[in-house]
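One structure below.
Naming: A, B, ... by sequence-line order, numbering from 1 per chain.
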Protein chains: 2
Amino acid sequence: MKIDGRFWLTKENQSFLGVGRIDLLEWIDKTGSINAAAKEMKMSYKAAWERINGINALADQPLIERTTGGKGGGGTKLTPYARELIATFHRFNELHRQFIDRFSEAGNDPERLARILSRTFLTTSARNQLPATLTSINENGLHSTLTLSLAGSDTLLSTITAKSVENMGLSVGCDVYAIIKSSDIKISTSASSNGDNSLSGIIEGIERSAENVEITFRLDGGTLLIALEKHDSLQNFQVGARAFALISPLHIIIGL
Amino acid sequence: MKIDGRFWLTKENQSFLGVGRIDLLEWIDKTGSINAAAKEMKMSYKAAWERINGINALADQPLIERTTGGKGGGGTKLTPYARELIATFHRFNELHRQFIDRFSEAGNDPERLARILSRTFLTTSARNQLPATLTSINENGLHSTLTLSLAGSDTLLSTITAKSVENMGLSVGCDVYAIIKSSDIKISTSASSNGDNSLSGIIEGIERSAENVEITFRLDGGTLLIALEKHDSLQNFQVGARAFALISPLHIIIGL
DNA sequence: ATACGTTATATTTTATAAGATATAACGTAA
DNA sequence: TTACGTTATATCTTATAAAATATAACGTAT
């Protein structure tokens, strides 16, 4: 006994984009014509045309551009908006599939079911959640040190327990998030000498309160960091100045 | 534009239990007959019978008991297995609905969508992810200090940025997770004096490697912590000894 | 001007699903 | 024995969806 599921987009209570129509749009993109796409999907031209027309009637922005006549008789092209829609649909689909799969695994166990939902949408208080790619793993006793590649050429070291690496099934090439509390990032004019990550960039903004200072910091690679420091630790920074963001590898959590 | 979705149980690649059939089973349970249930659902007896028969043919255990003749002509009853199946279906359905709804929140806003996607199925490398209830919020400039109530009577202070409190929509009474890296937990024989959280408990396990020690620590309230320390910082602990877990409020991330 | 291969549309045919109707078997109670 | 209201099943009708077919409009290349 397995679980299967589907989802679709609706507009004014009418379904207008499901997996079938997305398939059709993709074939149109590949072949350049409704006719050819219909043949690929082994449906009649009329059926394909009716689906496409239905989508177009409901969409608030045009999804396709149709031309008749001309060399080759004309054709149909997707708009950028349609391609965007297809991409997000696929991402939804992937997540939905994972969600359904987890149901199947959990079976009837109420505790596992509760855990599924609680971990399905985890929002953290960490202000920095940076997309990164895992480029190397060095195991060292109970610890493992990961090398992360951020946007641009910025790299980051993170030290987490070897068991976490195992639990999460991390391997080189994984897309992960580097999760860092803003209070664990120090801004300094000089690079680190004790093995902490030192990322060079430019101070983009400073916000002061009675005791603390919040600094918006743009890495050379383009990634944006938010650091929160105690007032007295501030070395008279100003907006636009070059500096380093210092982060201990021990304070970088990996999200998958 | 909204998102809608459904799921169903399959067996041998045939759908055999969806929301419609579950409805039908429930009506049979209420009325005691297929005939009456069909009338309630405004379908023909034949249609109802075919659905019921299809379910019964695929199920590995009988879902219904049918009797013909007798006072009132007979009737149909659900087996306990069927009632169990209905209950789990409803639990799944509730979770599935929540999943779909979360995405619907994003609507057409690509940025919100990206945020939701990035926090869907986020698993972290943090070994400690403790369920807690938020009992107070004290704002202090750019920072806010949260009081968290763990299982038993253990409490925990966490300092995060006020903007995070706002972003996450945190309020007193929220169920949250306290996310703590194992390397941010120190085990000590004496309580803290500098404002760190001091949680008393018992050492349940010690695992040593060349440089580090992993300590499994059970709080008096029952919560289990995992701490990873450098070898030399160990104060000759042994399993079963009472001790304190020291955690800086700055190193506790809140998960929602 | 003609050919081409599309889009666009209408009409007819076919296939499938749904509904309506009829009826047998059943076993208890009156 | 008869009446009852159900399950169980077959047959026919209707409604709906899908497929097949036919044809017009279109605009460029030859």
Exercise for the section: Would you mind reporting whether B:Q129 and A:L122 have side-chain heavy atoms less than 4.5 Å apart? Expected result: yes

Problem - Euclidean distance, atom CG of residue B:N56 to atom C1' of D:dA8 [Å, nearest integer] - result: 13 Å

Exercise for the section: Provide, to the nearest angstrom, the distance between the CE atom belonging to B:M41 and the P atom belonging to C:dG19. Expected result: 12 Å

Problem - Residues in contact with DNA chain D, drawn from residues 18-35 of chain B - heavy-atom cutoff 4.0 Å - result: B:S33, B:I34, B:N35

Practice task
Ignoring backbone atoms, establish whether B:T68 has a side-chain N or O less than 4.0 Å from OP1 or OP2 of D:dG5.
Solution key: no

Problem - Value rounded to 0.5 Å, distance of CG in A:N93 from CD in A:Q98 - result: 11.0 Å

Handout entry: Within 45° cone and under 6.0 Å: B:K30 NZ/CZ vs B:W27 ring
Key = yes

Fill in the blank from the handout: Which of B:L130, B:D154, B:L224 passes side chain to side chain contact (heavy atoms under 4.5 Å, CB included) with B:L219? It is B:D154

Practice task
Assign each of B:R66 and A:S44 to its nearest nucleotide of DNA chain D by heavy atoms, then name whichever residue's nucleotide is nearer the 5' end.
Solution key: B:R66

Exercise for the section: Could you label the plane-to-plane angle of the B:H96 and A:F103 rings as parallel, tilted or perpendicular, counting under 30° as parallel and over 60° as perpendicular? Expected result: tilted

Exercise for the section: Could you tell me the separation between the OH atom of A:Y45 and the P atom of D:dA19, rounded to a whole number of Å? Expected result: 16 Å

Practice task
Tell me whether the OP1 or OP2 atom of C:dT6 has a side-chain N or O from A:T67 closer than 4.0 Å.
Solution key: no

Problem - Whole-Å distance separating the NZ atom of A:K42 from the C1' atom of D:dA20 - result: 18 Å

Practice task
Using atom NZ of A:K39 as one end and atom C1' of C:dT6 as the other, report the distance to the nearest whole Å.
Solution key: 10 Å

Problem - Flag, side chain of B:T124 to backbone of A:G255, donor-acceptor distance under 3.5 Å - result: no

Completion exercise
Rounded to whole Å, the CD1-P distance (A:I52 to C:dT9) equals 14 Å

Practice task
Output every pair passing side chain to side chain donor-acceptor pair (under 3.5 Å) with a member in residues 3-12 of chain B, not counting sequence neighbours, ordered by first then second residue.
Solution key: none

Problem - Among D:dT9, D:dC26, C:dT11, the one nearest A:K46 by side-chain distance - result: C:dT11

Completion exercise
Rounded to whole Å, CH2 of A:W49 lies from P of D:dA22 at a distance of 20 Å

Fill in the blank from the handout: Here the distance between atom P of C:dT7 and atom NZ of A:K77, to the nearest Å, is 13 Å

